[in-house]
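What follows is a short report on a single structure.
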Amino acid sequence: MPKIKTHSGAKKRFNLTKNGRVKRAHAFKSHLLNGHGKTTKLKRGLRKGAYADVTNEATIKRMIPYK
């Protein structure tokens with residue numbers, strides 16, 4: 001079997017946990033962080049990691065086969 005290429009965007013964004021779940025970061029955390037309707041409470045919540053939805057897990061795992 002030939003090797004499968006890893007998706008470059010996916011390898012930077014997702015990690016697999018020991019139990020095989022997909023870890024991800026929250027979106028909307030890159031700019032416009034002072035004012036503009038983003039409260040401190042919202043920004044604090046965006047810092048925490050999250051898990052990818054079960055419906056997307058298989059697709060993501062296919063993109064990062066060797067992680």
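Computation of the quantities below employed the complete heavy-atom set of this structure, encompassing side-chain atoms and omitting hydrogens, waters and symmetry-equivalent molecules.
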For this session: May I ask you to decide if Lys11's main-chain N or O and Lys67's side chain share a donor-acceptor pair within less than 3.5 Å?
Result: yes

Exercise. In terms of heavy-atom contacts, does NZ of Lys23 have more than 12 from other residues, nucleotides or ligands at under 6.0 Å?
Worked result: no

For this session: Determine yes or no for a side-chain-to-main-chain donor-acceptor pair under 3.5 angstrom, with Asp53 supplying the side chain and Thr55 the backbone.
Result: yes

For this session: Indicate if Ile60 and Tyr51 have the same hydrophobic cluster label, given that clusters are the connected sets of ILVMFWY residues with side-chain heavy-atom separations under 4.5 angstrom.
Result: no

Problem set entry | Any donor-acceptor N/O pair, Lys48 side chain to His26 backbone, under 3.5 Å | no

Problem set entry | Nearest-0.5 Å distance, NE2 of residue His31 to NE2 of residue His36 | 8.5 Å

Exercise. Just wondering, do His7 and Ile64 contact through their side chains at under 4.5 Å, heavy atoms?
Worked result: no

For this session: Check whether any side-chain N or O of Lys61 sits under 3.5 Å from a backbone N or O of Val22 as a donor-acceptor pair, and report yes or no.
Result: no

Exercise. Within a strict 4.5 Å, meaning less than it, do heavy atoms of the Arg47 and Lys43 side chains meet?
Worked result: no

For this session: Considering non-hydrogen atoms only, spot the tightest contact between Thr6 and Tyr66 and give its length.
Result: OG1-CD1, 3.9 Å

Problem set entry | Under 3.5 Å donor-acceptor, Lys5 side chain and Met63 backbone | no

Exercise. How about Arg24: does its CZ atom have over 12 heavy atoms from other parts shown lying under 6.0 Å from it?
Worked result: yes

Problem set entry | Over all atoms of both residues, closest heavy-atom pair of Leu46 and Phe28 | CD1-O, 3.5 Å

Exercise. Is there a donor-acceptor pair under 3.5 Å between the side chain of Arg21 and the backbone N or O of Thr17?
Worked result: no

